[in-house]
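Notes follow the structure.
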Amino acid sequence: MAKTQLNVRVDEGTARAARERALARGMSVNRYIEELVKQDTGEVGQTFVEAAADFMKQYESVFADEFGTESENPREGRR
């Protein structure tokens, strides 16, 4: 994915907090800000949901072999 430079002005306290948080997470300030924006726009959550759905589709037969299907599950419908 191509990157675009974005210049942002923030007060010193905000800049310090961003640097400290990025350092604590072992990432650059750029990456930290990028992750915050992605979280805010829901991209990270959507990526997770898509990956989880793909995983379930790929391993559906393995789960069915191990745990049975919904129609075979005696606890179906219980809450």
Side-chain angles (χ1 to χ4, degrees):
M1 177 190 299
K3 298 283 184 170
T4 299
Q5 184 171 338
L6 178 65
N7 296 313
V8 180
R9 293 186 182 273
V10 296
D11 63 68
E12 186 54 41
T14 301
R16 185 175 41 256
R19 288 185 202 104
E20 290 171 359
R21 300 274 179 150
L23 180 63
R25 288 171 172 75
M27 61 177 64
S28 68
V29 173
N30 286 336
R31 179 72 178 164
Y32 175 67
I33 300 299
E34 185 176 16
E35 290 297 316
L36 288 176
V37 172
K38 284 182 177 180
Q39 287 174 11
D40 189 50
T41 60
E43 289 180 31
V44 171
Q46 184 61 34
T47 300
F48 173 79
V49 169
E50 289 170 1
D54 185 54
F55 173 85
M56 291 303 294
K57 187 190 310 184
Q58 287 180 352
Y59 293 96
E60 181 178 18
S61 63
V62 175
F63 284 101
D65 290 346
E66 181 70 22
F67 302 106
T69 62
E70 286 184 16
S71 61
E72 297 171 351
N73 189 341
R75 298 191 322 186
E76 180 181 309
R78 292 186 194 171
R79 298 254 174 208

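Residues: numbered from 1 along the sequence shown.
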Going by the salt bridge (charged side-chain N to carboxylate O under 4.0 Å, His left out) test, which pairs reach into residues 45-69, not counting sequence neighbours? none

Scan residues 26-39 for pairs that pass salt bridge (charged side-chain N to carboxylate O under 4.0 Å, His left out), counting only residues two or more places apart or in two chains. Lys3-Glu34, Arg31-Glu34, Arg31-Glu35, Glu34-Lys38

Hey, could you give me each pair passing ring-ring contact (aromatic ring centres under 6.0 Å, His included) that has a residue in residues 30-57? Not counting sequence neighbours. Phe55-Tyr59

Hydrophobic cluster membership, with links at side-chain heavy-atom distances under 4.5 Å among I/L/V/M/F/W/Y: are Val8 and Leu36 in one? no

Quick check: is Val10 connected to Leu6 through a chain of hydrophobic side chains (ILVMFWY, heavy atoms under 4.5 Å apart)? yes

Using side chain to side chain contact (heavy atoms under 4.5 Å, CB included) as the criterion, list what pairs up with Thr4, not counting sequence neighbours. none

Side-chain atoms of residues 14-27: list all donor-acceptor pairs with protein atoms under 3.5 Å, sequence neighbours left out, distances to 0.1 Å.
residue	atom	partner	partner atom	Å
Thr14	OG1	Asp11	OD1	3.2
Thr14	OG1	Asp11	OD2	3.2
Arg19	NH1	Glu12	OE2	3.3
Arg25	NH1	Arg21	O	3.4

